[in-house]
Amino acid sequence: MSEKNDRASWIKGGAARCAVPPKKPAQPHRLVLLGAPGVGKGTQAELLCERLGTCQLSTGDIFRAAKSLPPGERTPALEAALDYMRRGDLVPDTTVLDLVRERVHCLRCESGFLLDGFPRTVAQAEALNGLLDREKIKLDAVLSYDLPIDQIVARLSGRRTCGGCKAVFHVTNRPPRIPDLCDHCGGKLLQREDDRPEAVRLRMEVYEKSTKPLADYYRQRGLLVTISAEGAPEAIYERTLAALKGKGAATKLSE
Ligand code: AMP
(Lines give C-alpha, C1' and ligand atoms only; values in the text may rest on other atoms or scores of the structure.)
Protein backbone atom coordinates (compact mmCIF):
# COMPACT_ATOMS: atom_id res chain seq x y z
CA MET A 1 0.00 0.00 0.00
CA SER A 2 1.33 3.44 -0.87
CA GLU A 3 2.34 6.01 1.73
CA LYS A 4 -0.12 8.89 2.02
CA ASN A 5 1.10 12.20 0.63
CA ASP A 6 0.29 15.41 2.55
CA ARG A 7 -0.26 17.18 -0.83
CA ALA A 8 1.48 20.26 0.61
CA SER A 9 2.38 21.48 -2.86
CA TRP A 10 -1.29 21.50 -3.88
CA ILE A 11 -2.88 22.59 -0.59
CA LYS A 12 -0.41 25.38 0.24
CA GLY A 13 0.78 26.30 -3.27
CA GLY A 14 3.85 28.48 -3.77
CA ALA A 15 7.14 26.92 -2.74
CA ALA A 16 5.57 24.26 -0.48
CA ARG A 17 6.90 20.76 -1.11
CA CYS A 18 5.05 17.45 -0.62
CA ALA A 19 6.18 15.20 2.23
CA VAL A 20 6.28 12.10 0.02
CA PRO A 21 8.23 12.43 -3.26
CA PRO A 22 6.49 11.45 -6.54
CA LYS A 23 6.05 7.69 -6.96
CA LYS A 24 6.80 7.74 -10.72
CA PRO A 25 4.56 4.73 -11.55
CA ALA A 26 5.18 3.09 -14.93
CA GLN A 27 1.83 4.38 -16.16
CA PRO A 28 0.72 7.46 -14.21
CA HIS A 29 -3.04 8.11 -14.14
CA ARG A 30 -4.45 11.51 -15.03
CA LEU A 31 -8.13 11.52 -14.16
CA VAL A 32 -11.03 13.86 -13.41
CA LEU A 33 -13.79 12.72 -11.02
CA LEU A 34 -17.36 13.96 -11.45
CA GLY A 35 -20.41 13.20 -9.35
CA ALA A 36 -23.10 14.84 -7.25
CA PRO A 37 -22.55 15.43 -3.53
CA GLY A 38 -23.19 12.16 -1.69
CA VAL A 39 -22.36 9.69 -4.48
CA GLY A 40 -19.24 8.54 -2.60
CA LYS A 41 -16.78 10.29 -4.91
CA GLY A 42 -14.50 11.21 -1.99
CA THR A 43 -14.20 7.58 -0.87
CA GLN A 44 -13.41 6.45 -4.43
CA ALA A 45 -10.83 9.24 -4.76
CA GLU A 46 -9.11 7.99 -1.59
CA LEU A 47 -9.08 4.38 -2.81
CA LEU A 48 -7.80 5.33 -6.26
CA CYS A 49 -5.02 7.51 -4.85
CA GLU A 50 -3.96 4.92 -2.30
CA ARG A 51 -3.86 2.09 -4.83
CA LEU A 52 -2.73 3.85 -8.00
CA GLY A 53 0.00 5.89 -6.27
CA THR A 54 -1.36 9.25 -7.37
CA CYS A 55 -2.64 12.38 -5.57
CA GLN A 56 -6.14 13.70 -4.96
CA LEU A 57 -6.15 17.33 -6.05
CA SER A 58 -9.31 18.87 -4.60
CA THR A 59 -10.05 22.59 -4.96
CA GLY A 60 -12.42 22.32 -1.98
CA ASP A 61 -9.44 21.20 0.14
CA ILE A 62 -7.51 24.35 -0.86
CA PHE A 63 -10.41 26.51 0.36
CA ARG A 64 -10.85 24.50 3.56
CA ALA A 65 -7.12 24.83 4.30
CA ALA A 66 -7.32 28.58 3.63
CA LYS A 67 -10.08 28.86 6.25
CA SER A 68 -7.60 27.94 8.97
CA LEU A 69 -5.02 30.54 7.89
CA PRO A 70 -4.85 33.67 10.07
CA PRO A 71 -6.90 36.44 8.32
CA GLY A 72 -3.69 38.47 7.67
CA GLU A 73 -2.30 35.63 5.54
CA ARG A 74 -5.32 35.38 3.23
CA THR A 75 -5.26 37.39 0.01
CA PRO A 76 -8.38 39.52 -0.70
CA ALA A 77 -9.31 37.08 -3.52
CA LEU A 78 -9.07 34.12 -1.14
CA GLU A 79 -11.09 36.00 1.49
CA ALA A 80 -13.83 36.66 -1.09
CA ALA A 81 -13.70 33.00 -2.19
CA LEU A 82 -14.29 31.87 1.40
CA ASP A 83 -17.42 34.04 1.57
CA TYR A 84 -18.84 32.23 -1.48
CA MET A 85 -17.94 28.91 0.07
CA ARG A 86 -19.65 29.74 3.38
CA ARG A 87 -22.84 30.62 1.51
CA GLY A 88 -22.71 27.29 -0.35
CA ASP A 89 -22.20 29.09 -3.70
CA LEU A 90 -19.60 28.23 -6.29
CA VAL A 91 -16.45 30.35 -6.07
CA PRO A 92 -16.03 32.50 -9.24
CA ASP A 93 -14.18 30.77 -12.08
CA THR A 94 -11.42 33.41 -12.23
CA THR A 95 -10.42 32.79 -8.58
CA VAL A 96 -10.51 29.01 -8.94
CA LEU A 97 -8.49 29.16 -12.16
CA ASP A 98 -5.88 31.48 -10.63
CA LEU A 99 -5.39 28.98 -7.81
CA VAL A 100 -5.06 26.06 -10.23
CA ARG A 101 -2.62 27.97 -12.49
CA GLU A 102 -0.46 28.73 -9.44
CA ARG A 103 -0.32 24.96 -8.87
CA VAL A 104 0.32 23.82 -12.45
CA HIS A 105 3.43 21.94 -11.22
CA CYS A 106 1.01 19.43 -9.59
CA LEU A 107 -0.44 18.66 -13.04
CA ARG A 108 3.10 17.92 -14.24
CA CYS A 109 3.76 15.54 -11.32
CA GLU A 110 5.21 12.19 -12.38
CA SER A 111 2.75 10.42 -10.06
CA GLY A 112 -0.15 11.66 -12.20
CA PHE A 113 -3.21 13.30 -10.60
CA LEU A 114 -6.82 12.86 -9.75
CA LEU A 115 -8.80 16.10 -9.97
CA ASP A 116 -11.71 16.14 -7.51
CA GLY A 117 -14.17 19.06 -7.44
CA PHE A 118 -12.44 20.75 -10.39
CA PRO A 119 -13.52 21.51 -13.06
CA ARG A 120 -16.98 22.42 -11.80
CA THR A 121 -18.21 24.48 -14.78
CA VAL A 122 -17.75 24.24 -18.54
CA ALA A 123 -15.65 27.46 -18.43
CA GLN A 124 -13.31 25.78 -15.93
CA ALA A 125 -13.15 22.65 -18.11
CA GLU A 126 -12.20 24.74 -21.15
CA ALA A 127 -9.48 26.55 -19.17
CA LEU A 128 -8.16 23.21 -17.89
CA ASN A 129 -8.10 21.92 -21.46
CA GLY A 130 -5.97 24.90 -22.54
CA LEU A 131 -3.63 24.46 -19.58
CA LEU A 132 -3.13 20.74 -20.28
CA ASP A 133 -2.60 21.37 -24.00
CA ARG A 134 0.12 23.92 -23.25
CA GLU A 135 1.78 21.42 -20.92
CA LYS A 136 1.32 18.59 -23.47
CA ILE A 137 -0.51 16.54 -20.84
CA LYS A 138 -3.41 14.27 -21.79
CA LEU A 139 -6.30 13.23 -19.55
CA ASP A 140 -6.83 9.44 -19.46
CA ALA A 141 -10.52 9.62 -18.55
CA VAL A 142 -13.26 11.53 -16.74
CA LEU A 143 -15.03 9.25 -14.28
CA SER A 144 -18.63 10.21 -13.64
CA TYR A 145 -20.31 8.49 -10.67
CA ASP A 146 -24.10 8.10 -10.93
CA LEU A 147 -26.65 7.36 -8.21
CA PRO A 148 -30.47 7.84 -8.22
CA ILE A 149 -31.47 11.02 -6.35
CA ASP A 150 -33.47 9.11 -3.70
CA GLN A 151 -30.35 7.13 -2.74
CA ILE A 152 -28.27 10.33 -2.61
CA VAL A 153 -30.78 11.94 -0.26
CA ALA A 154 -30.81 8.78 1.90
CA ARG A 155 -26.99 8.66 2.05
CA LEU A 156 -26.55 12.32 2.92
CA SER A 157 -29.50 12.72 5.24
CA GLY A 158 -28.40 9.64 7.24
CA ARG A 159 -24.83 10.90 7.65
CA ARG A 160 -23.77 11.91 11.18
CA THR A 161 -20.46 13.47 12.19
CA CYS A 162 -18.88 13.44 15.63
CA GLY A 163 -18.77 16.95 17.12
CA GLY A 164 -15.48 16.00 18.81
CA CYS A 165 -13.18 13.90 16.58
CA LYS A 166 -15.15 14.43 13.30
CA ALA A 167 -15.50 10.66 12.64
CA VAL A 168 -18.30 9.98 10.16
CA PHE A 169 -21.19 7.51 10.74
CA HIS A 170 -24.44 6.66 8.98
CA VAL A 171 -27.70 5.88 10.78
CA THR A 172 -28.28 2.69 8.75
CA ASN A 173 -25.11 1.92 6.74
CA ARG A 174 -22.58 2.54 9.50
CA PRO A 175 -24.46 3.00 12.79
CA PRO A 176 -22.58 3.84 16.00
CA ARG A 177 -22.62 1.19 18.78
CA ILE A 178 -24.61 3.55 21.04
CA PRO A 179 -27.18 5.70 19.19
CA ASP A 180 -26.05 9.33 18.69
CA LEU A 181 -22.65 8.79 20.36
CA CYS A 182 -19.26 8.44 18.71
CA ASP A 183 -17.63 4.96 18.94
CA HIS A 184 -14.17 6.54 19.17
CA CYS A 185 -14.41 9.43 21.63
CA GLY A 186 -17.99 9.30 23.00
CA GLY A 187 -18.74 12.73 21.46
CA LYS A 188 -22.24 13.66 20.35
CA LEU A 189 -23.08 12.83 16.72
CA LEU A 190 -24.46 15.74 14.75
CA GLN A 191 -26.10 16.22 11.36
CA ARG A 192 -24.47 18.79 9.07
CA GLU A 193 -26.91 21.56 8.21
CA ASP A 194 -26.42 21.02 4.50
CA ASP A 195 -27.14 17.27 4.90
CA ARG A 196 -30.77 17.91 5.89
CA PRO A 197 -33.13 16.58 3.15
CA GLU A 198 -34.33 20.07 2.04
CA ALA A 199 -30.74 21.33 1.78
CA VAL A 200 -29.62 18.18 -0.05
CA ARG A 201 -32.29 18.69 -2.71
CA LEU A 202 -31.12 22.30 -3.15
CA ARG A 203 -27.48 21.21 -3.50
CA MET A 204 -28.59 18.70 -6.12
CA GLU A 205 -30.34 21.47 -8.08
CA VAL A 206 -27.12 23.54 -8.08
CA TYR A 207 -25.21 20.45 -9.21
CA GLU A 208 -27.66 19.67 -12.02
CA LYS A 209 -27.49 23.24 -13.31
CA SER A 210 -23.80 24.05 -13.22
CA THR A 211 -21.90 20.78 -13.08
CA LYS A 212 -23.98 18.28 -15.05
CA PRO A 213 -23.25 20.00 -18.41
CA LEU A 214 -19.65 18.95 -17.79
CA ALA A 215 -20.61 15.34 -18.43
CA ASP A 216 -21.80 16.33 -21.93
CA TYR A 217 -18.64 18.38 -22.47
CA TYR A 218 -16.41 15.38 -21.74
CA ARG A 219 -18.71 12.88 -23.50
CA GLN A 220 -18.31 14.87 -26.71
CA ARG A 221 -14.54 14.61 -26.30
CA GLY A 222 -14.69 10.82 -25.85
CA LEU A 223 -13.35 10.99 -22.29
CA LEU A 224 -16.45 10.31 -20.20
CA VAL A 225 -16.82 6.99 -18.37
CA THR A 226 -20.06 6.60 -16.40
CA ILE A 227 -19.93 4.35 -13.34
CA SER A 228 -22.82 3.23 -11.16
CA ALA A 229 -22.22 4.36 -7.56
CA GLU A 230 -24.66 1.81 -6.09
CA GLY A 231 -23.39 -0.67 -3.49
CA ALA A 232 -20.32 -0.88 -1.27
CA PRO A 233 -17.14 1.17 -1.89
CA GLU A 234 -15.08 -1.92 -2.88
CA ALA A 235 -17.68 -2.94 -5.48
CA ILE A 236 -17.70 0.58 -6.92
CA TYR A 237 -13.90 0.55 -6.97
CA GLU A 238 -13.87 -2.73 -8.92
CA ARG A 239 -16.31 -1.20 -11.42
CA THR A 240 -14.00 1.81 -11.73
CA LEU A 241 -10.98 -0.37 -12.53
CA ALA A 242 -12.99 -2.35 -15.09
CA ALA A 243 -14.16 0.90 -16.69
CA LEU A 244 -10.59 2.25 -16.85
CA LYS A 245 -9.42 -0.97 -18.45
CA GLY A 246 -12.20 -0.69 -21.01
CA LYS A 247 -11.01 2.84 -21.74
CA GLY A 248 -7.46 1.58 -22.28
CA ALA A 249 -6.23 3.67 -19.33
CA ALA A 250 -3.46 2.28 -17.16
CA THR A 251 -4.56 0.02 -14.34
CA LYS A 252 -1.29 -1.26 -12.95
CA LEU A 253 -1.57 -1.02 -9.16
CA SER A 254 1.29 0.35 -7.11
CA GLU A 255 2.57 -2.10 -4.54
P1 AMP B 1 -16.16 20.53 -2.32
O2 AMP B 1 -15.40 20.02 -1.15
O3 AMP B 1 -15.55 20.12 -3.63
O4 AMP B 1 -17.64 20.22 -2.24
O5 AMP B 1 -16.02 22.13 -2.31
C6 AMP B 1 -16.48 22.89 -1.21
C7 AMP B 1 -16.81 24.30 -1.68
O8 AMP B 1 -15.64 24.93 -2.24
C9 AMP B 1 -17.86 24.37 -2.79
O10 AMP B 1 -19.18 24.37 -2.26
C11 AMP B 1 -17.51 25.70 -3.44
O12 AMP B 1 -17.96 26.80 -2.66
C13 AMP B 1 -16.00 25.71 -3.37
N14 AMP B 1 -15.39 25.09 -4.58
C15 AMP B 1 -14.59 23.99 -4.59
N16 AMP B 1 -14.17 23.72 -5.84
C17 AMP B 1 -14.74 24.65 -6.63
C18 AMP B 1 -14.71 24.88 -8.05
N19 AMP B 1 -14.01 24.09 -8.88
N20 AMP B 1 -15.43 25.93 -8.54
C21 AMP B 1 -16.13 26.73 -7.71
N22 AMP B 1 -16.20 26.55 -6.37
C23 AMP B 1 -15.52 25.53 -5.83
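Note that ligands are numbered from 1 as they come in the structure, with each ligand's atoms numbered from 1 the same way. The first residue in the sequence is number 1, and the count goes up from there.
Within 4.0 Å of ligand 1, contacts by protein heavy atoms are made from Thr59, Gly60, Phe63, Arg64, Met85, Asp89, Leu90, Val91, Val96, Gly117, Phe118, Arg120, Gln124.
Residues meeting the ring pair (Phe, Tyr, Trp, His ring centres under 6.0 Å) test with His184, sequence neighbours left out: Phe169. With sequence neighbours left out, Ser228 forms a side-chain contact (heavy atoms from CB on, under 4.5 Å) with Glu230, Arg239. Listed by chain and number, the residues in a side chain to side chain donor-acceptor pair (under 3.5 Å) with Gln191 are Arg196 (sequence neighbours excluded).
For Tyr217, the OH atom sits in a packed shell: over 12 heavy atoms of surrounding residues, nucleotides or ligands are nearer than 6.0 Å.
Glu73 has no carboxylate O lying under 4.0 Å from a charged side-chain N of Lys12, or vice versa, which leaves the two without a salt bridge.
Here the straight-line distance linking atom CG of Leu57 with atom CG of Leu107 works out to 7.0 Å at 0.5 Å rounding.
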